[in-house]
Amino acid sequence: MNQFEEEYILVNGIEHFLLHYPKTSDTPVLLYLHGGPGSFESLFAYELDKAWGDLFTHVHWDQRGAGKTLRRNKKTGMPENVDQMLEDLHGIVKHLQQKYRVEKLVILGHSWGSLLGSLYVLQHPENVLAYIGIGQVISIMENERTAYQEVSELARKAGNKKHIQALERMGDYPPDNPELLLKQLPKLRKIQEAYDNGPVSGSGIGELFKTLRRSPSFQWGDLVSFMRIMKVNHPLHLQMLSFNLGEILPHYEVPVHYILGENDNITPTALSKAYFDTIDALTAQPFLPMGRSRQFYADYESQSSTPSADAVI
């Protein structure tokens, strides 16, 4: 098991949990923004470390309302809005800049984290070496509309009358009422799972739990945080529903890369790719240059005045 470090730091009035997998001092520092809101992924960081090797010093942050940060602060400092989360993120970035003595970080956002990451990169390009979006969120309402259409087509092709009837009972989906949409979401996800062979469907859940249990930072109390996700992060879930990245001028002053799942039925690839094609970028580069991390860092430093964009599907 590679060396790791855990710490709690005071940012924006509460203590935040950070999990570090440090490499050499000249390795780019990557900050991983998990999904959800509330679905902390630091327990899976050790698997990423195996895959990434010495490419990055990577840091995993349990956000406000998630994981060990939620447990540490108990009932105080609950999530209120996206602006508050961006303030938290800015504080985390400043801490990492000081800790690792770097001017810029690679920001990686997954799902909800891609919403947070995109907004931060657009607001603070001076702190960002590059942005990586995985399961990139563009518009929640469009995501749900497309997902509903796609799973309806799959149910018809499979001739599954039970699913077809359940989908029809949802009516005009997604509904305009945010609370109703949040109630219907689990029903749609349940149907989607039947047509998804991913790691969180069927028997894959058991394997996922085994991976989680093997994490060197796992504590049984982490399961309590998972169970509180929806209740604690309810204000953020409501605010997410009105988010539309397409309404923001897509001018990025840093290299932008998307990793998109061809069969992703939660954040449909077609929507992410359509937005990606509008990004204001002067050049295109491969997703990750081959070779050692020092060369990766040098490549991006040389491109600092020439934003680039690329998508891997």
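The basis for the numbers below is simple: all heavy atoms, side chains too, and nothing from hydrogens, waters or symmetry mates.
Asn81 places no side-chain N or O within 3.5 Å of a backbone atom of Pro235 that could act as its donor or acceptor partner. Remark: the backbone N or O of Asp88 is not paired with any side-chain donor or acceptor of Arg64 at under 3.5 angstrom. A donor-acceptor pair is defined here as one N or O able to donate and one able to accept, closer than 3.5 Å; no such pair exists between the side chain of Thr69 and the backbone of His16. For the pair Glu144 (side chain) and Ile140 (backbone), a donor-acceptor distance under 3.5 Å is absent.
Around atom CD of Glu126, more than 12 heavy atoms belonging to other residues, nucleotides or ligands sit under 6.0 Å away. Within 6.0 Å of CG on Asp277 lie more than 12 heavy atoms contributed by other residues, nucleotides or ligands.
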Between Tyr21 and Gln3, is a side-chain hydrogen bond (donor to acceptor under 3.5 Å, both in side chains) present by the stated rule, with each step listed? CA-CA 6 Å; Tyr21 278 84; Gln3 181 182 2; over 6 Å; no

Does Glu15 form a salt bridge (Lys or Arg N to Asp or Glu O under 4.0 Å) with Arg71? I'd like the steps, not just the answer. CA-CA 10 Å; Glu15 291 187 81; Arg71 290 174 53 209; over 6 Å; no

Can you check side-chain hydrogen bond (donor to acceptor under 3.5 Å, both in side chains) on Trp52 and His58, steps first, answer last? CA-CA 9 Å; Trp52 287 344; His58 51 108; over 6 Å; no

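A salt bridge links Lys23 with Asp49; the closest basic N to acidic carboxylate O contact falls under 4.0 Å.
Looking at heavy atoms from C-beta onward, Glu179 lies in side-chain contact with His234 at the 4.5 angstrom threshold. By the 4.5 Å heavy-atom criterion applied to side chains, Arg72 and Tyr8 are counted as neighbours. A 4.5 Å side-chain heavy-atom check between Glu168 and Tyr173 finds every atom pair outside the cut-off. Side-chain contact between Asn127 and Lys104: absent, with no pair of heavy atoms (C-beta onward) separated by less than 4.5 Å. In this structure, Arg189 and Lys187 have side chains that are not in contact, with every pair of non-hydrogen atoms separated by 4.5 Å or more. Counting only heavy atoms from C-beta outward, the side chains of Leu122 and Ile248 approach each other to under 4.5 Å. Within the 4.5 Å cutoff, the side chain of Phe4 has no heavy atoms near those of the His20 side chain. The closest side-chain heavy-atom distance from Pro37 to His237 is below 4.5 Å.
Aromatic pair Tyr195/His163: centroids less than 6.0 angstrom apart. Two rings, from Tyr131 and His257, have their centers 6.0 Å or more apart.
Using modelled atom types and a 3.5 Å distance limit, the side chains of Asp62 and Ser42 yield a donor-acceptor pair. Between the side chains of Thr27 and Thr24, at least one donor N or O lies within less than 3.5 Å of an accepting N or O. A donor-acceptor contact closer than 3.5 angstrom is absent between the side chains of Ser111 and Gln136. At a cut-off of 3.5 Å, with distance as the only test, no side-chain donor of Tyr46 or His60 sits close to an acceptor on the other residue.
Listed here is the closest heavy atom pair of Pro250 and Thr278: CG-O, 3.4 Å. A pairwise comparison of heavy atoms in Asp222 and Phe40 identifies O-CZ, 3.5 Å as the closest pair. Listed here is the closest heavy atom pair of Ile107 and Gly117: CG2-CA, 4.2 Å. Shown here for Leu260 and Ser272, the closest heavy-atom pair between the two residues is CD2-CB, 3.7 Å.
Just one of Val102, Ile9, Thr57, Leu31 meets the side-chain contact (heavy atoms from CB on, under 4.5 Å) condition when paired with Leu96; it is Leu31.
Leu70 and Leu19 are members of different hydrophobic clusters when ILVMFWY side chains are connected at heavy-atom separations under 4.5 Å. Hydrophobic clustering of Ile, Leu, Val, Met, Phe, Trp and Tyr side chains at less than 4.5 Å, counting indirect connections, keeps Met78 apart from Val82.
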